[in-house]
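Below is one structure, written out as structure tokens, with a few remarks after it.
Everything numeric here is computed off the predicted structure, so don't read it as measured data. A, B, ... follow the sequence lines: proteins, then strands. Residue 1 opens every chain.
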Amino acid sequence: MLVSEVMLQQTPVTRVLPIWQEWMDRWPTPAALAAEPAGEAVRAWGRLGYPRRALRLYAAAAAITADHDGVVPDSFDGLLTLPGVGTYTAAAVAAFAYGRRATVVDTNIRRVQARVISGSALPAPTLSAAEMRLAAALLPEEGAQSAKWNAAVMELGALVCTARAPKCGNCPIRSECAWLAAGQPAPSYVAKGQPWAGTDRQVRGAVMGVLRATRMPIQRELFFAPVPELGDDGLDGTTFSESLRSQLRRLHSLMAPESQLERAIEGLLQDGLAQSREGGLLLPD
DNA sequence: TAGACGTGGCC
DNA sequence: TGGCCAAGTCT
């Protein structure tokens, strides 16, 4: 449950499923994961996105092994101490893994509340204390019932009360929806999208792609070298796998300025997603 | 508290 | 084609 909830942060379930399955097959327990180098977690994360989550999940596994006898904490507060576990994930694990009464508030629940109760098309850009209070007030008293409630409201938001084209005609509570009653008024604000092409994030992603493709340190020159420099073998005579070559081509195709590449690499080192060794760059131990 | 942080499917 | 969006967390 913990692994799935972290993977599901900002990530659609269809993309999580296969990675989660591989992950659980390989590391059935926190101790099993903690016994390996952190880089293995990052590599197994694949292209799920936000790879720092892999690092934090790894750190959480280490903390659980060292401080909790290898058992995932069952309380909201205990879960909250784990790296990469915020209020949503702590509540979700407490509720769904342990049947505890916990106030789960994710983007789906926020949207359902905004529509049904507040009558607005979308929740505010940032989570407010008022929303948390509302969710807490709506939550059934009994533990198992509250867990079911959390799952139900989240699922309603994910499948019916969706952001883009809500299926109000099929909604089981359409007669109680303030937003529908008000004639589905338009959102009061416009979400600002995240730029991607040309950003540091894109470059970081491409660098990570290179590092995941090999266990050898990648010399810095290779990140900066223009595509034609990539021959059949490396500057030092080492041979490149087809996957590594492919990732290097992907990075080079971005034609990122050297300063941006430097910045991206520096950021990855800073975040612990990469380390320097033998004059090259590779995933962390 | 606003901004950084990946990725790919959908319309 | 391109913006929108997905079960957030951390600083």
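- Place A/Asp200 and A/Arg250 on DNA chain B by their nearest nucleotides, and A/Asp200 ends up nearer the 5' end.
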Hey, mind stepping through A/Leu2 and A/Leu82 against side-chain contact (heavy atoms from CB on, under 4.5 Å) and telling me if it holds? CA-CA 11 Å; A/Leu2 177 58; A/Leu82 299 174; 4.3 Å; yes
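- Residue A/Arg111 has its side chain nearest to C/dA6 when only B/dA2, C/dG8, C/dA6 are considered.
- Among the atoms of the strands shown, none is found under 4.0 Å from any heavy atom of A/Ala92.
- Distance check on atom P: B/dC5 versus C/dA7 gives 23 Å, rounded to whole Å.
- Rounded to a whole Å, the CE atom of A/Met208 is 13 Å from the P atom of B/dC5.
- In this entry the distance linking CH2 of A/Trp196 with P of C/dC4 reads 16 Å, nearest Å.
- Protein atom CG of A/Leu8 is 9 Å distant from nucleotide atom C1' of C/dA6, rounded to whole Å.
- Residue pairs meeting the salt bridge (Lys or Arg N to Asp or Glu O under 4.0 Å) criterion with at least one partner in residues 86-105 of chain A, sequence neighbours excluded, are A/Asp74-A/Arg100, A/Arg101-A/Glu141.
- Closest approach to the A/Arg201 side chain among B/dT7, B/dC5, C/dA7 is made by B/dC5 (side chain taken as heavy atoms from C-beta onward).
- C/dA7 atom P lies 19 Å from atom CH2 of A/Trp20, rounded to whole Å.
- Taking only side-chain nitrogens and oxygens, A/Gln10 comes nearer than 4.0 Å to OP1 or OP2 of C/dG8.
- As judged by a 4.0 angstrom heavy-atom cut-off over every strand, A/Thr126 is placed among residues touching the sugar-phosphate backbone only.
- Note on A/Gly86: only backbone sugar-phosphate atoms sit closer than 4.0 angstrom, heavy atoms only; bases stay farther off.
- Counting any heavy atom pair closer than 4.0 Å across all strands shown, A/Val85 reaches sugar-phosphate atoms only and no base atom.
- In this structure, A/Met1 and A/Tyr98 have side chains that are not in contact, with every pair of non-hydrogen atoms separated by 4.5 Å or more.
- The CG atom of A/Leu57 sits 20 Å away from the P atom of C/dA7 (whole-angstrom rounding).
- The existence of a salt bridge linking A/Arg220 and A/Glu262 is confirmed by a sub-4.0 Å separation between a basic side-chain nitrogen and an acidic carboxylate oxygen.
- Counting distance only, with no hydrogens placed and no angle test, the side-chain atoms of A/Thr11 and the base atoms of C/dG8 include no donor-acceptor pair under 3.5 Å.
- A donor-acceptor pair shorter than 3.5 Å can be found between the side chains of A/Arg53 and A/Thr11.
- Taking the salt bridge (charged side-chain N to carboxylate O under 4.0 Å, His left out) definition, one finds that A/Asp25 meets it with nothing, sequence neighbours left out.
- Distance A/Arg52 CZ to C/dC10 C1': 8 Å, rounded to the nearest Å.
- Under the side chain to side chain donor-acceptor pair (under 3.5 Å) criterion, A/Asn150 pairs with no residue at all, not counting sequence neighbours.
- Distance from the side chain of A/Arg212 is smallest for B/dT7 among the nucleotides C/dA6, B/dA2, B/dT7.
- Judged as a side-chain hydrogen bond (donor to acceptor under 3.5 Å, both in side chains), the pairs with a partner in residues 193-215 of chain A (not counting sequence neighbours) are, in order, A/Glu40-A/Arg215, A/Tyr50-A/Arg201, A/Gln194-A/Arg201, A/Asp200-A/Gln260, A/Asp200-A/Arg263, A/Arg204-A/Asp271.
- Rounded to a whole angstrom, the distance from the C1' atom of B/dG8 to that of C/dT1 is 15 Å.
- With sequence neighbours left out, A/Gln247 forms a side chain to side chain donor-acceptor pair (under 3.5 Å) with no residue at all.
- The A/Pro51 side chain lies nearest to B/dG6 when the options are B/dT7, C/dA7, B/dG6.
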Using nucleotides 9-11 of chain B, report all nitrogen or oxygen pairs with the protein that are shorter than 3.5 Å.
none

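- Each of A/Gln194 and A/Arg47 was assigned the nucleotide of DNA chain B with the nearest heavy atom; the assignment lying further toward the 5' end belongs to A/Gln194.
- Atom pair A/Leu159:CG and C/dC5:P shows a separation of 18 Å (rounding to whole Å applied).
- Distance, A/Glu131 CD to C/dG8 C1': 14 Å, rounded to whole Å.
- When the side-chain nitrogen and oxygen atoms of A/Thr87 are compared with OP1 and OP2 of C/dG8, none of them lie within a distance under 4.0 Å.
- Ranked by how close their nearest DNA chain C nucleotide is to the 5' end, A/Leu82 and A/Asp106 are led by A/Asp106.
- Across all strands, A/Ile109 comes closer than 4.0 Å to no nucleic acid atom at all (heavy-atom distances).
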